[in-house]
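Notes to accompany the following structure.
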Number of protein chains: 2
Amino acid sequence: MKRKITLKQIARELDVSISTVSKALRNSAEISEDTKQKVQAFAKLYNYRPNNIALSLKNRKTNTIGIIIPEIVHHFFSKVIRGVELVANNRGYNVIIGLSNESFSKEVINMDMLANGSIDGFILSISKETLQLQDYHHFNETMSQGMPIVMFDRVVSDIKCDKVIVDDLNGAKNAVKKLIENKCKSIALITTKDYVSVGKLRTQGYLEALEEHKMTPKADLILKIDDTLDYKVDLEELESEIEQLFKSNKKIDGVFAVNELYALSAMKVARKLGLDIPNDVQVIGFTDGVLSKHSTPSLTTVSQHAQHMGEKAADLLIDKLENEINEDADEEYQTVIIATDLIERESTK
Amino acid sequence: MKRKITLKQIARELDVSISTVSKALRNSAEISEDTKQKVQAFAKLYNYRPNNIALSLKNRKTNTIGIIIPEIVHHFFSKVIRGVELVANNRGYNVIIGLSNESFSKEVINMDMLANGSIDGFILSISKETLQLQDYHHFNETMSQGMPIVMFDRVVSDIKCDKVIVDDLNGAKNAVKKLIENKCKSIALITTKDYVSVGKLRTQGYLEALEEHKMTPKADLILKIDDTLDYKVDLEELESEIEQLFKSNKKIDGVFAVNELYALSAMKVARKLGLDIPNDVQVIGFTDGVLSKHSTPSLTTVSQHAQHMGEKAADLLIDKLENEINEDADEEYQTVIIATDLIERESTK
DNA sequence: TTGTAGGCGTTATCAC
DNA sequence: GTGATAACGCCTACAA
């Protein structure tokens with residue numbers, strides 16, 4: 001077992017100084033061709049690579065991005081990671097992940113762990129618990145120590161940092177408009193409680209779409225699911241709530257659900273009640289997961305371009321990292337809004 | 001913007017030496033209560049945290065695990081990551097990810113990047129291209145530099161390292177046995193080309209199950225899909241191949257597919273051909289993804305316990321890292337086999 | 001009880 | 001053209 005070779009070892013072997021070796025390897029003009037050749041050959045032979053950790057210490061720059069997400073077993077988040085990773089690698093950065101598991105304390109601990117020198121900046125999406133508690137001190141502290149943060153998807157306006165968000169409002173609005181255009185008269189909304197910002201915005205989109213078409217929102221057409229900390233939704237419970245919705249409102253001919261699972265459950269319940277999709281009820285979901293694509297009937301859905309969000313977030317962060325020259329010069333933060341697309345499949349006409 | 005505080009700064013502020021501060025913070029008996037109090041209070045006030053990078057350099061230990069997977073937008077792999085992360089964090093490690101994207105060169109580059117001091121060891125699953133090329137030099141080189149590797153799921157016997165694998169053979173065997181017990185007489189297999197080790201083993205399980213029940217495998221019941229480097233399978237192509245299978249073999253009453261997507265496609269094609277599931281054809285898939293659970297009918301499948309694999313892999317790796325005391329003493333490697341479970345749902349009787 | 005010095009691996013500056 | 005030295009932040013053996 002040969003340990004990784006260092007400059008010091010090369011220097012000893014070739015009987016030159018460490019700094020000569022260092023310079024030779026960086027092809028410095030100061031060093032004679034002869035020495036350079038010798039050193040470079042030797043380095044190649046032993047497959048020398050500078051130690052990242054030493055470089056990080058010296059440069060006070062790790063070239064590593066920390067990404068904190070609530071959950072990784074989730075298409076949206078894993079696609080975002082893929083986007084981040086893609087851009088990061090292209091620009092010479094590594095990605096280190098932390099999972100908050102939707103928990104406030106895990107989010108804090110994880111950020112703490114990484115903030116102590118392991119990374120140069122964060123890309124993150126806020127956990128549900130944090131959103132509920134509205135305790136954002138860890139974000140502000142991190143930033144006040146000069147570590148930039150880019151938030152995506154689940155963000156809050158209180159925090160001043162770069163953000164990448166989905167155009168939830170218009171995504172939802174367009175989806176509901178589509179249902180209206182398709183002659184739906186009684187459109188149900190299946191959404192989450194309001195503290196999840198995206199749920200709130202999608203709900204708003206639903207309301208605005210109705211309004212624009214002079215339709216009056218009816219409270220009994222709106223179902224708000226409480227999936228608080230419990231990201232593993234209880235399917236039975238969910239379906240029974242949806243069943244209540246359908247039963248207490250027999251005229252429902254359209255459903256807009258703020259995520260894939262709610263939409264699928266709605267389809268399942270509808271079928272169970274003898275309704276045909278899309279002839280009796282048309283359904284649209286939100287998110288670009290696998291379920292939508294492979295369900296029967298396949299689900300019309302609002303695509304969020306998750307990977308693109310990740311790419312954009314990574315670019316924003318790295319731009320900021322590499323422009324630290326002008327330090328706290330222009331403290332201007334951007335919010336990039338990613339447009340959605342409606343992907344039409346079999347669940348709508 | 002206040003930069004992170006260091007020992008040096010604390011020392012200067014309190015007018016003591018750096019080592020005094022260091023010792024005081026570690027509650028050394030050498031230091032007077034007085035000084036300790038003073039230092040600790042100051043450190044707390046300024047929220048001092050030792051710099052990870054400096055520690056890594058000093059200890060030649062990063063407390064970071066590198067994980068290289070072919071693809072992150074994939075339930076199996078993201079569950080594995082979740083398992084790794086869980087154990088790693090509990091044991092004081094961070095996780096850094098690299099995506100090979102099923103490409104040999106990206107696998108090599110990513111490992112290279114991380115191996116230069118960024119991490120203490122690897123957990124990885126081999127990319128398809130690497131498996132095809134059978135070029136494993138990068139694994140061996142990494143290990144010969146004293147960096148341990150734990151492989152999971154996609155492994156090769158040529159490489160000597162710890163491994164965590166699914167009991168693919170018996171998983172498949174039990175699935176096919178189930179079909180046989182359920183009176184299927186003509187069981188089709190939808191699998192991948194043989195260079196993917198797991199595909200090969202699952203195929204073998206299928207054959208052994210038939211054999212044990214004195215059923216003769218028929219070549220025209222076996223469909224081998226070529227999903228080479230193209231992890232985004234062409235659905236149309238896939239379905240048309242499966243349709244051929246069904247058409248050229250009208251007696252098929254059972255299907256065992258080596259993954260979720262093949263199974264779902266088989267169900268879709270069967271339905272299209274007017275066959276009822278599970279009455280005319282029973283279907284079993286492999287993997288514990290979301291598709292199986294939410295498809296209609298829901299899919300009976302072989303669960304691999306991906307998260308558990310991740311946990312096990314992390315434990316193996318960290319055990320090895322923390323037992324480096326006896327260095328290359330006992331060069332014994334373990335292969336942990338994770339048993340599968342058959343999750344019965346609606347696609348079988 | 002406190003401080004000094006050396007080293008982890010690298011690079012930059014400056015002296016020879 | 002080459003090498004010694006300092007520094008990044010931390011820890012620790014040893015000296016005072």
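Sequence lines set the chain letters: A, B, ... in the order given, protein chains first and strands last, and positions in each chain run from 1. Note that the structure is predicted; figures quoted are calculated from it, not measured. What you see below is based on every heavy atom in this structure, not just the backbone, and it leaves out hydrogens, waters and symmetry mates.
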Whole-Å distance separating the [atom1] atom of [X] from the [atom2] atom of [N]:
| X | N | atom1 | atom2 | result |
| --- | --- | --- | --- | --- |
| B/K61 | D/dG9 | NZ | P | 23 Å |
| B/K38 | C/dT1 | NZ | P | 14 Å |
| B/D15 | C/dT2 | CG | P | 12 Å |
| A/D34 | D/dG1 | CG | P | 11 Å |
| A/R12 | D/dG3 | CZ | C1' | 17 Å |
| A/K23 | C/dT10 | NZ | C1' | 13 Å |
| B/I53 | D/dC8 | CD1 | C1' | 11 Å |
| B/L14 | C/dG3 | CG | P | 11 Å |

Query raised in the report: Relative to each other, are the rings of B/F76 and B/H74 parallel, tilted or perpendicular (30° and 60° limits)?
Result: perpendicular

Query raised in the report: Does B/Y46 OH have over 12 foreign heavy atoms under 6.0 Å away?
Result: no

Can you tell which of [options] lies closest to the side chain of [X]?
| X | options | answer |
| --- | --- | --- |
| A/L57 | D/dT5, D/dC8, C/dT4 | D/dC8 |
| B/K8 | D/dC8, C/dT13, D/dT12 | D/dC8 |
| B/R26 | D/dC11, C/dG3, D/dT2 | D/dC11 |
| B/R60 | C/dT11, D/dG9, C/dC8 | C/dC8 |
| A/V16 | D/dG3, C/dT2, C/dG9 | D/dG3 |
| B/S22 | D/dG3, C/dC8, D/dC11 | D/dC11 |
| B/T20 | D/dT2, D/dC10, C/dG3 | C/dG3 |
| B/L55 | C/dT10, D/dC10, D/dT2 | D/dC10 |
| A/A54 | D/dC10, C/dG3, C/dT10 | C/dT10 |

Distance test, side-chain N/O of [X] to OP1/OP2 of [N], below 4.0 Å:
| X | N | value |
| --- | --- | --- |
| B/Y48 | D/dC10 | yes |
| A/T35 | D/dT2 | yes |
| A/S56 | D/dC8 | no |

Is there a donor on the side chain of [X] or the base of [N] sitting less than 3.5 Å from an acceptor on the other?
| X | N | answer |
| --- | --- | --- |
| A/S17 | D/dA4 | no |
| A/K58 | D/dG9 | no |
| B/S32 | C/dT1 | no |

Query raised in the report: If you measure only the distance, is there a donor-acceptor pair under 3.5 Å linking the side chains of A/Q9 and A/E13?
Result: no

Report task. Could you tell me whether B/L7 contacts a base, only the sugar-phosphate backbone, or nothing, with contacts defined as non-hydrogen atoms closer than 4.0 Å? Result -> sugar-phosphate

Query raised in the report: Base, sugar-phosphate, or nothing for A/S19, non-hydrogen atoms under 4.0 angstrom?
Result: base

Report task. Grab the two heavy atoms, one from B/P70 and one from B/I126, that are nearest each other, plus how far apart they are. Result -> CG-O, 3.9 Å

Requested in this report: Using a strict cut-off of less than 4.0 Å between a Lys/Arg side-chain nitrogen and an Asp/Glu carboxylate oxygen, indicate whether B/K106 and A/E85 qualify as a salt bridge.
Outcome: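 A salt bridge is present here (some side-chain N lies under 4.0 Å from a carboxylate O).
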
Query - B/K36 (side chain) donor-acceptor with B/S28 (main chain) under 3.5 angstrom - result: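 Yes, the answer is positive, given that a donor and an acceptor are paired below the 3.5 Å cut-off.
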
Query raised in the report: Starting at the 5' end of DNA chain C and moving along, which residue's nearest nucleotide shows up first, B/N59 or B/E30?
Result: B/E30

